[in-house]
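Please read the structure below before turning to the comments.
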Amino acid sequence: EPEVTQTPSHQVTQMGQEVILRCVPISNHLYFYWYRQILGQKVEFLVSFYNNEISEKSEIFDDQFSVERPDGSNFTLKIRSTKLEDSAMYFCASSVGLASFTDTQYFGPGTRLTVL
Amino acid sequence: QKEVEQNSGPLSVPEGAIASLNCTYSDRGSQSFFWYRQYSGKSPELIMFIYSNGDKEDGRFTAQLNKASQYVSLLIRDSQPSDSATYLCAAAGNNRKLIWGLGTSLAVNP
């Protein structure tokens, strides 16, 4: 069964450093998403991406964040200058792109980002 | 502020019993509702979704939606110890952005 994959599984970085989190969505899916979950808190939407552009972003997704689809398979999230409060589990998800009320999102295993 | 609320639990049921999980949402513009299961330290795993009022069954799982009351529930029949996890409710509008509850922790006791 096709799966969303993410690398690395765990990333440790120093405050102020740039990190890139990588995702390979399911191959026939058209929508891609990033979410994050701070330990003990709700899952939070960051951004959705369709047709090579951002379709929706949250207030969290400020100028420090960017997304890119550098080739036909990868989808990346870049954090330019990490802060302590960026420490969280980051989940990539993808969906086929059906009518919005039936379009289900499938999640990758996540990248645990630890900012020191 | 669009919110999804769940009782954090823990909800404890004996093996073989029915587990009932509930969720309310604030945004009347929400179109569809999703139940995910999350084991500790893992990613959300889709169980099922519902977008029409009434019941929807999938194996041992039944989702129920009442848009007038802004209420969604998930019933798990014949609960198994492997069902022990956190159950997340999420709502989506036409922008496909999932708004999540904090989740209900379920413990199924052998």
Side-chain angles (χ1 to χ4, degrees), chain A residues 1-7 9-10 21 23 25-26 29-51 54-61 88-112 114, chain B residues 1-10 23-54 56 58 61 63 65 67 72 85-105:
Chain A
E1 187 171 321
E3 293 179 333
V4 177
T5 59
Q6 291 185 244
T7 54
S9 57
H10 192 190
L21 310 183
C23 168
I26 296 172
H29 285 191
L30 300 179
Y31 275 86
F32 316 126
Y33 312 82
W34 285 101
Y35 291 83
R36 78 173 185 190
Q37 187 176 31
I38 296 169
L39 190 63
Q41 296 188 22
K42 294 181 179 183
V43 178
E44 299 174 291
F45 170 83
L46 294 178
V47 66
S48 59
F49 191 86
Y50 171 74
N51 198 26
I54 291 173
S55 59
E56 189 82 20
K57 62 181 181 179
S58 72
E59 311 78 44
I60 303 168
F61 195 89
M89 193 76 146
Y90 287 80
F91 295 113
C92 175
S94 68
S95 66
V96 171
L98 301 171
S100 60
F101 58 94
T102 64
D103 203 29
T104 51
Q105 297 177 28
Y106 296 90
F107 283 72
T111 293
R112 180 166 298 285
T114 301
Chain B
Q1 183 80 343
K2 299 173 185 177
E3 299 280 351
V4 173
E5 300 295 338
Q6 297 180 255
N7 187 327
S8 62
C23 168
T24 59
Y25 61 96
S26 64
D27 181 15
R28 285 197 176 273
S30 298
Q31 294 184 333
S32 48
F33 305 87
F34 300 81
W35 284 99
Y36 285 82
R37 177 170 61 194
Q38 187 176 36
Y39 294 107
S40 181
K42 303 295 186 183
S43 62
E45 174 192 1
L46 179 69
I47 298 172
M48 63 188 303
F49 70 98
I50 187 168
Y51 57 85
S52 297
N53 273 329
K56 179 181 178 184
D58 185 357
F61 301 95
L65 173 60
K67 289 184 180 179
V72 193
T86 297
Y87 287 79
L88 305 176
C89 174
N94 59 7
N95 60 8
R96 304 169 195 266
K97 171 180 162 181
L98 290 176
I99 307 297
W100 299 78
L102 188 56
T104 298
S105 175

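As the structure is a prediction and not an experimental result, all values here were calculated from the model. In what follows, every heavy atom counts, from backbone to side chain, and hydrogens, waters and symmetry copies are set aside.
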So is B:Lys56 actually on top of B:Phe49's ring, under 6.0 Å and inside 45° of the axis?
yes

Whatever's closer than 4.5 Å to a heavy atom in chain B on A:Leu46 counts as neither

When you look at CD of A:Glu3, are more than 12 heavy atoms from neighbouring residues, nucleotides or ligands closer to it than 6.0 Å?
no

What part of B:Gln38 gets closer than 4.5 Å to chain A, counting heavy atoms only: side chain, backbone, both or neither?
side chain

Which bit of B:Lys42 comes within less than 4.5 Å of chain A, counting heavy atoms only: side chain, backbone, both or neither?
backbone

Structural part of A:Phe91 lying under 4.5 Å from a heavy atom of chain B:
side chain

Can you confirm whether A:Leu30 sits close enough to A:Tyr50 that some side-chain heavy atom of one is under 4.5 Å from a side-chain heavy atom of the other?
yes

Counting only heavy atoms from other residues, nucleotides and ligands, does the tally under 6.0 Å from OH of B:Tyr51 exceed 12?
no

Taking NZ, NE, NH1 and NH2 as the nitrogens, is one of them in A:Glu44 or B:Lys97 under 4.0 Å from a carboxylate oxygen of the other?
no

Please classify the contact between B:Ile99 and chain A as side chain, backbone, both or neither, with a heavy-atom cut-off of under 4.5 Å.
neither

Atom group of B:Leu46 that falls short of 4.5 Å from chain A, counting heavy atoms:
side chain

In this structure, are over 12 heavy atoms from other groups packed under 6.0 Å from A:Lys57 atom NZ?
no

Contacting region of B:Tyr36 [heavy-atom separation from chain A under 4.5 Å]
side chain

